[in-house]
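Note: hydrogens, waters and symmetry copies are ignored here, and every other heavy atom, side chains too, is used.
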Amino acid sequence: DLYRDTWVRYLGYANEVGESFRPLVPVPVVWASYGVATAYVTADAIDKGRKAATVSATPCSPPSHSLLTLPPTPMSPQAHAQDPTRVGVAVVDTFVWQSLASVAIPGFTINRLCAASLALLGSLTRWPLPVRRWTTTALGLAAIPLIITPIDRTVDFLMDSSLRKLYGTPGEPPES
């Protein structure tokens, strides 16, 4: 999966990196990092919708009595109108899950961690402001790998307990 198993996955963490660098860069740079992460989330949701459409529209092979049977050929995504619910669920589930697990919750977490650490360093140390800002950025960056799994599992639980009950698909976002 391009959006989960390659370097592209790291684009989903762009806003956490942006939040980590907030003490050092202009605010528009931070907002641009949210744009990158949101583009990743949207692209992943569209990709999962397309995959759900392809899976739902793969025709069955007609019965054949010959020894040579060709594999079924997937139809084009435009021909998948017979199962719009599956496609909609894949898009919504992926978009909501990724928005929460990759953008909103981690962005808020890193933002608050960095704000608190900058404030604490200001009151507890006599370090010059540039040193406090770089230290805050380093703490934010170091926290990113530590928060990913707990946030992912929490979002799984929240979605399994709420939205996924509406369409009956517990577990990870659709892999299709």
Side-chain angles (χ1 to χ4, degrees), residues 1-25 27-56 77 80 83-121 133-176:
D1 184 343
L2 174 68
Y3 295 94
R4 310 239 174 111
D5 301 327
T6 68
W7 65 268
V8 174
R9 174 67 184 114
Y10 296 110
L11 295 175
Y13 303 124
N15 63 306
E16 289 98 309
V17 173
E19 286 294 349
S20 295
F21 278 93
R22 186 182 284 266
L24 298 171
V25 300
V27 173
V29 173
V30 178
W31 287 110
S33 73
Y34 276 87
V36 171
T38 301
Y40 163 81
V41 167
T42 303
D44 188 27
I46 291 168
D47 178 65
K48 297 310 170 282
R50 285 185 178 153
K51 286 181 179 178
T54 301
V55 167
S56 68
H80 304 296
D83 198 0
T85 303
R86 178 181 172 87
V87 174
V89 165
V91 170
V92 169
D93 189 80
T94 302
F95 188 82
V96 171
W97 191 92
Q98 288 282 20
S99 294
L100 291 171
S102 296
V103 180
I105 297 171
F108 177 78
T109 303
I110 297 296
N111 175 284
R112 295 296 79 208
L113 173 74
C114 289
S117 64
L118 188 59
L120 281 171
L121 288 171
R133 286 181 173 170
W134 277 104
T135 302
T136 296
T137 297
L139 288 169
L141 292 171
I144 293 170
L146 302 176
I147 67 171
I148 292 169
T149 301
I151 289 173
D152 287 355
R153 297 299 69 92
T154 301
V155 172
D156 281 335
F157 173 77
L158 291 173
M159 290 200 49
D160 288 348
S161 302
S162 60
L163 188 61
R164 289 179 178 152
K165 284 187 175 187
L166 297 175
Y167 48 81
T169 308
E172 299 283 324
E175 294 291 331
S176 298

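- Between V103 and A37, the shortest heavy-atom contact is CG2-CB, 3.9 Å.
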Begin with the C-alpha distance, continue with both residues' side-chain angles, and end with the deciding distance and a verdict on side-chain contact (heavy atoms from CB on, under 4.5 Å) for S20 and I144. CA-CA 9 Å; S20 295; I144 293 170; 4.0 Å; yes
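- Of the residues R4, K51, R50, the one that meets the salt bridge (Lys or Arg N to Asp or Glu O under 4.0 Å) test with D44 is R4.
- With a 4.5 Å cut-off on side-chain heavy atoms, T135 and S117 do not count as touching.
- Side-chain atoms of S102 do not come within 3.5 Å of backbone N or O of S99 as any donor-acceptor pair.
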T109 vs I151, side-chain contact (heavy atoms from CB on, under 4.5 Å): CA-CA, chis, key distance, verdict: CA-CA 10 Å; T109 303; I151 289 173; 4.1 Å; yes
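- Between V87 and G49, the closest heavy-atom pair is CG1-O, 3.7 Å.
- Smallest separation of non-hydrogen atoms from N15 and G107: ND2-CA, 3.6 Å.
- Looking at D93 and K48, no side-chain N of the basic residue comes within less than 4.0 Å of a carboxylate O on the acidic one, giving no salt bridge.
- Between R153 and D156, at least one side-chain nitrogen of the basic residue sits less than 4.0 Å from a carboxylate oxygen of the acidic one, meeting the salt-bridge criterion.
- Relative orientation of the W134 and F21 rings is perpendicular, given thresholds of 30° and 60° on the angle between their planes.
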Report the C-alpha distance between D47 and L2 in whole Å, list the side-chain angles of each, state the deciding distance to 0.1 Å, and finish with yes or no for side-chain contact (heavy atoms from CB on, under 4.5 Å). CA-CA 9 Å; D47 178 65; L2 174 68; 5.8 Å; no
Step by step, would you call E19 with F108 a side-chain contact (heavy atoms from CB on, under 4.5 Å)? CA-CA 8 Å; E19 286 294 349; F108 177 78; over 6 Å; no
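- Side-chain contact of Q98 with T94: a donor-acceptor pair under 3.5 Å is absent, judged by distance alone.
- How far CD of E16 is from CG of L141: 10.5 Å, rounded to the nearest 0.5 Å.
- Two residues are said to be in side-chain contact when any heavy atoms from C-beta on lie closer than 4.5 Å; L121 and L118 fail this criterion.
- You'll find the ring centres of W7 and Y10 outside the 6.0 Å limit.
- For the pair R9 and Y13, the cation sits on the ring face: its NZ or CZ lies under 6.0 Å from the ring centre, inside 45° of the axis.
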